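Keep in mind that this is a model prediction, so the values were computed, not measured. Heavy atoms only: backbone and side chains are in, while hydrogens, waters and symmetry mates are out.
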Amino acid sequence: MKRYMILAAILGLAATLYVAGFATGAISLFAAGALFEAAFWIKLMRKPRPVRIVIKRDEPRRRR
């Protein structure tokens with residue numbers, strides 16, 4: 001769920017920067033929006049990492 005919230009935030013920020021860039025005519029805002037959009041697509045296409053389970057062993061039961 002956390003991943004989708006981050007993706008939504010990145011996409012929202014990109015849209016906000018696009019609108020601000022169009023409204024003010026600032027190319028730097030438009031370029032920043034494009035960078036955030038690229039980050040959104042890259043993050044969307046990557047698979048989430050699997051959760052790694054670490055099993056801790058009790059010291060007295062451990063073989064030597």
Side-chain angles (χ1 to χ4, degrees):
M1 192 64 156
K2 180 180 173 184
R3 178 175 185 251
Y4 296 111
M5 295 295 285
I6 292 171
L7 284 172
I10 290 173
L11 188 60
L13 182 60
T16 303
L17 288 171
Y18 275 137
V19 169
F22 280 127
T24 61
I27 295 176
S28 61
L29 290 175
F30 186 77
L35 288 175
F36 276 103
E37 184 183 0
F40 166 78
W41 285 110
I42 290 169
K43 199 160 183 69
L44 181 68
M45 295 300 167
R46 286 189 181 166
K47 291 181 181 179
R49 291 183 181 173
V51 177
R52 191 170 172 196
I53 299 172
V54 177
I55 300 172
K56 294 184 179 180
R57 302 175 85 182
D58 293 338
E59 287 297 323
R61 296 182 183 180
R62 192 172 180 183
R63 289 186 188 179
R64 292 183 187 209

Checklist entry - Where do A14 and F36 come nearest, in terms of heavy atoms and distance? => result CB-CB, 3.8 Å
Checklist entry - At their closest point, which heavy atom of G21 faces which heavy atom of L29, and how far apart are they? => result CA-CB, 3.8 Å
Calculate, to the nearest 0.5 Å, the distance between atoms [atom1] and [atom2] belonging to [X] and [Y] respectively.
| X | Y | atom1 | atom2 | answer |
| --- | --- | --- | --- | --- |
| L11 | I6 | CG | CD1 | 14.0 Å |
| L44 | R46 | CG | CZ | 11.5 Å |
| E37 | I42 | CD | CD1 | 11.0 Å |

Next on the checklist: Applying a strict under-4.5 Å side-chain criterion to I, L, V, M, F, W and Y, I'd like to know whether L7 and L13 cluster together.
Outcome noted: yes
Next on the checklist: Please say yes or no: joined through hydrophobic side-chain contacts below 4.5 Å, possibly via intermediate residues, are M45 and Y4 part of one cluster?
Outcome noted: yes
Checklist entry - What residues, two or more places apart in sequence or in another chain, satisfy ring-ring contact (aromatic ring centres under 6.0 Å, His included) together with F22? => result F30
Checklist entry - Can you tell me if CZ on F40 sees more than 12 non-hydrogen neighbours from other groups inside 6.0 Å? => result yes
